[in-house]
Amino acid sequence: MAMHEKYEPRALEKKWQDAWEARGTFRKGRPAPKGKKYVLEMLPYPSGKMHMGHVRNYLLGDVYARYFWMKGFDVVHPMGWDAFGLPAENAAIKDGVHPATRTRENIASFKAEIRTLGYSYDWALEVNTSEPSYYRWNQWFFLKMLEKGLVYRRFSRVNWCTGCLTVIANEQVKDGVCERCEAKVMDKEMPEWAFRITNYSQVLLDALDGLTEWPDRITSAQRNWIGRSEGVEADFALEGSTEKVRVFTTRVDTIFGCTYVVLAPDHRVVASITSKAQQPAVDAFVAKMAAQSKTERTEEGAEKEGVFTGAYAVNPFTGAKVPVWVANFVLSDYGTGAVMSVPAHDARDFDFAKKYALPVKTVIHPSTKGPWDGEGAYTDDGVLVDSGAYSGKPSADARKDMGAWLVQQGLGKPTTTWRQKDWGFSRQRYWGTPIPIVYCEKCDPDRKGIPVPYQQLPVTLPDIETDKVLTGKGEPPLAKVASWVNTTCPRCQGPARREVETMDTFVDSCWYFARYLSPAFEAAPVDAAAAKQYLPVDLYVGGPEHATMHLLYFRFWTRVMKELGLSPVDEPVTRLITQGIVNGPDGRKMSKRWGNVVAPSSIVDKYGADTARGYVLFAGPPERDFDWSDKAMEGVFRFLHRVWTLAATHEAACAGARHDGPYEGKALEIRKTAHKALKRVTEAIERLSFNTAIAGIMECVNALYLAKEVSTPAEKAAMNEAVRLLAVVLVPFMPHFANELAQAYGAKEPLEESSWPAFEPTLVVDDVIPYAVQVLGKLRAEIMVPAGAGEAEVRAAAEADPKIVAALGGKPVKKFVFVPKRLVNFVV
RNA sequence: GCGCGAGUGGCGGAACUGGCAGACGCAGCGGACUUAAAAUCCGCGGGCCCUUCGGUGGGCCGUACGGGUUCGACUCCCGUCUCGCGCACCA
């Protein structure tokens, strides 16, 4: 097939996209003795349009997937839709279009756009989380986890918008007011459903050590987030009261220096211990704190404030009486909501003590040599002083001994606390998974909730009159749909009401990777046989912004799935990469506001998908941000033209050319060029270094240009081989282009269906190797030495070089360093 | 404040396990082709200095900064600065 003179991407790309689809090139489940590769990208929320971030995300997976297709693996590479969520519902509130309608349209256009980029997806595995066939299994999981005690109802402090009369997310609170209606946002105690993810805190933390192919920044973010902290709890008796205050501290070794105790404003005992005299001040303070939202109270630079309660606590070690305060900086939901303050050895306690003129008592010296002479608090470990029987002990020993003493006295114990909280997943929204619970006044007077029986799943979302139900005001939308809310109690068959809350969409993305493997399976959310065959995911690609939410939640869920017998794996993903951001040409984040958005569709229309793909991959390593550059992208377009011209120029003479005799001279050089590129690209892809893989291909093309005309049969055959290898290595990056090239040179089927060749070892080594010659580590000459030469021969050659003779200047050589195939170094 | 990551030409980046810093590309410059331009092809390309009429030849400096280890450091160690991200009155 004769090539056109010029590279015309448009028609050619459509042709190959249709061919892959018609042939089922990317269908999972082919016989593959080499095994499986599961390549996954984070499923998108289907907004109407793709942006460059999506393009990049999916490309990184696509290169890897295509490579393993060609390596002969059974590759799973699915795509689906995180279709529930706020944007569709907010749009509905604004313009009255039903979220289901909007979502359907958006998926259709998003999917059409995805296809234009030529990704290797198996669309037979597609899932849509807003379909009952999917979310019924969210409900199934909910019921299973309820049985296991992993789901419970609790009271929790949420952001309550006083204008919209609904709960809103943290991101929607701007400067203490609602983003949408600008009314004041308050903290409100509300009941909500929660997953007991904290049961798994330790396991999730420990297993991070095994995730060696995850970026450090992600595992480190998860460690921070989980926030394990070891310390002790200790009881302080309250003078003149039977109540006591239990404090949590990581520095019990400083307890002899405790000069006051501080409670959270909403600590349980505050009301009962406050003295008459202090009552008005404490009441006013507590009321003021209650009126503030948590975000306000913990804002950057918020001043430390507190008041004395009039009560005194007794130090369990010393028996000393210390004043009890309440203050804004103590949080009721961390530790015990009470702290012992040691201003001499804690910076925050020091500030507070200075402000309110509380005493400071030093009990730690940096060493036995004497006290610390710096400013402020000495917060490091050291040696105890003025600490009774513990004086003279190092901090670490003292902590151990003092913890043991507390246990022995029944006054406390070593404890571990966690920053991580249980996962509250109730949402007062319509466009989500209904929580399968009903409330019956007769069977369930405490409103604990009665689970909907499994055989009644799914509890589907009701059809609604959009503009009446999705108003953004008042009670949760589902509460307004009487025909849906009113149901019968599964126990007594009497009247009952459905739970009107829906689930957080993070639930959907907790297990979708397992559902892809058997998207139509009816007996369970996951076909355990398929899970056994294909899990874990070998490569997962997504944005780093999911470090502590999605990537932690789905690790948790994976553990639960294993316990439920659905999957054999402890961890969902072996290797993770998080892609950097594609900024606008001006270096700012792409945004309508800056007018610097580069739409993928405009690039595909003008230059073709292969150029868009090539540029996004060539611009830099996957993890790093880069700024879009039209010029640099045109460079990739130019490169494709260059390859095309090369192939077209030699097509008539070389396509399909064969040669059985020896290869020498130019013919041999051409073969070497091609095989070296093949080696380099292969290794670069394995390392996920796609930018250098493309650079390697460019180098190869440059070298082939320098070969100019080919005339002998050997040269023609070599060029034929080179162009075909070029097509092979181009496949992961520019697949349409690569296939067109291969076809012109005689390929009968898409290259993805043939195999990734092994390079010829004899063709990637040179017979003469350049050696750098150093004297005292400074480069003085370069010499050419036969590849087989040993140390003695190389040394002789180096010593014969006039520049080296001059540099050595007759001085005796103390040491000779020989690095095979690279350099030698004379030490004089 | 704690944790993690990054810092290399005018720009994006490369350098695999400590071994010739700057591959490849963009922008730039020079040449060929052209009546001319574009496109294309070929070549040059870190800085400073010396040398030569000139092509050339040579020296010193150079991977954020200051030290160290080593025959040899972008790479390893110690300290500092800057940027990004995460966590944060977390006891």
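Residue numbers start from 1 in every chain, and the chains themselves are labelled A, B, ... in the order their sequence lines are given, proteins ahead of strands. Computed from heavy atoms alone, side chains included, the values below leave out hydrogens, waters and symmetry copies.
- The P atoms of B/C2 and B/U63 are separated by 28 Å, rounded to the nearest whole Å.
- Between A/Lys803 atom NZ and B/U56 atom C1' the separation is 13 Å, expressed in whole Å.
- Note on A/Asn702: only backbone sugar-phosphate atoms sit closer than 4.0 angstrom, heavy atoms only; bases stay farther off.
- Ring pair A/Phe816/A/Phe826 is tilted by interplanar angle, where 30° to 60° counts as tilted.
- One donor-acceptor pair, N or O on each side, does fall under 3.5 Å between the base of B/C71 and the side chain of A/Asn825.
- The six-membered or imidazole ring of A/Phe352 lies near that of A/Phe329, with a centre-to-centre distance under 6.0 Å.
- No contact: A/Arg228 has no heavy atom under 4.0 Å from any strand.
- Residue contacts for A/Ala547: at a heavy-atom cut-off of 4.0 Å it reaches no nucleic acid atom on any strand shown.
- Taking atom CD of residue A/Gln774 and atom P of nucleotide B/U70, one finds them 17 Å apart after rounding to whole Å.
- Across all strands, A/Phe352 comes closer than 4.0 Å to no nucleic acid atom at all (heavy-atom distances).
- For the segment residues 690-700 of chain A, the set of residues with a heavy atom within less than 4.0 Å of an atom of RNA chain B comprises A/Asn691, A/Thr692, A/Ala695, A/Met698, A/Glu699, in numerical order.
- Taking atom CZ of A/Phe350 as the reference point, atom C1' of B/A91 lies 17 Å away to the nearest angstrom.
- For A/Lys304 against B/C89, a side-chain-to-base donor-acceptor contact under 3.5 Å is present.
- As judged by a 4.0 angstrom heavy-atom cut-off over every strand, A/Glu782 is placed among the base-contacting residues.
- Backbone-only contact: A/Asp625 has heavy atoms under 4.0 Å from sugar-phosphate atoms and none from a base.
- Contact between the side-chain N/O atoms of A/Arg419 and the OP1/OP2 oxygens of B/A88 is found at a separation under 4.0 Å.
- Here B/A91 is the nucleotide among B/G19, B/A91, B/G86 with the atom lying nearest to any side-chain atom of A/Tyr334.
- Among the heavy atoms of the strands, none lies under 4.0 Å from A/Ser629.
- With B/G43, B/A91, B/G86 as the candidates, the nucleotide lying closest to the side chain of A/Val330 is B/A91.
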Might you work through the side-chain hydrogen bond (donor to acceptor under 3.5 Å, both in side chains) test for A/Arg642 and A/Asn702, ending with a clear yes or no? CA-CA 9 Å; A/Arg642 207 166 139 79; A/Asn702 291 344; 3.0 Å; yes

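- Looking at heavy-atom distances under 4.0 Å, A/Lys815 makes contact with a base.
- With the 3.5 Å cutoff on both pairing distances, Watson-Crick and G-U pairs in RNA chain B assemble into runs of at least 3 at B:1-7 with B:81-87, B:10-12 with B:24-26, B:28-32 with B:40-44, B:46-50 with B:57-61, B:64-68 with B:76-80.
- Of the candidate nucleotides B/G59, B/A91, B/C26, B/A91 has the atom lying nearest to any side-chain atom of A/Thr250.
- For A/Phe618 and A/Phe733, the ring centers sit 6.0 Å or farther from each other.
- Among the atoms of the strands shown, only primed sugar atoms or phosphate atoms (P, OP1, OP2) are found under 4.0 Å from some heavy atom of A/Gly635.
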Tabulated below should be each protein N or O lying under 3.5 Å from an N or O of nucleotides 4-7 of chain B; please produce it.
from: B/C4; atom 1: O4'; to: A/Ser220; atom 2: OG; distance (Å): 3.2
from: B/C4; atom 1: O2'; to: A/Arg217; atom 2: N; distance (Å): 3.4
from: B/G5; atom 1: OP1; to: A/Asp216; atom 2: OD2; distance (Å): 3.2

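- Using the six-membered ring where Trp is involved, A/Tyr553 and A/Trp423 have ring planes that are parallel, under 30° apart on the 30 and 60° scheme.
- Between the P atom of B/C89 and the CG atom of A/Leu263 lies a distance of 18 Å, rounded to the nearest Å.
- Using a 4.0 Å cut-off, some side-chain N or O of A/Lys778 falls inside it from OP1 or OP2 of B/C61.
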Donor-acceptor pairs under 3.5 Å, side chain of residues 545-552 of chain A to any protein atom, not counting sequence neighbours: which ones?
from: A/His550; atom 1: NE2; to: A/Tyr540; atom 2: OH; distance (Å): 2.8

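- Distance, A/Lys676 NZ to B/C24 P: 14 Å, rounded to whole Å.
- Straight-line distance between the C1' atoms of B/U70 and B/G19: roughly 12 Å, to the nearest whole Å.
- Side-chain proximity of A/Tyr705 to B/C41, B/G3, B/G19: nearest is B/C41.
- A/Lys708 comes within 4.0 angstrom of no nucleic acid atom, judged by non-hydrogen atoms across all strands.
- A/Arg223 comes within contact range of no nucleotide atom at all, as no heavy-atom separation falls under 4.0 Å.
- Partners of A/Glu623 according to the salt bridge (charged side-chain N to carboxylate O under 4.0 Å, His left out) rule, which considers only residues two or more places apart in sequence or in another chain, do not exist here.
- A distance below 6.0 Å separates the ring centres of A/His641 and A/Tyr7.
- Heavy atoms of A/Pro770 sit under 4.0 angstrom from at least one base atom.
- Applying the salt bridge (charged side-chain N to carboxylate O under 4.0 Å, His left out) criterion to A/Asp627, with sequence neighbours excluded, gives no partner residue.
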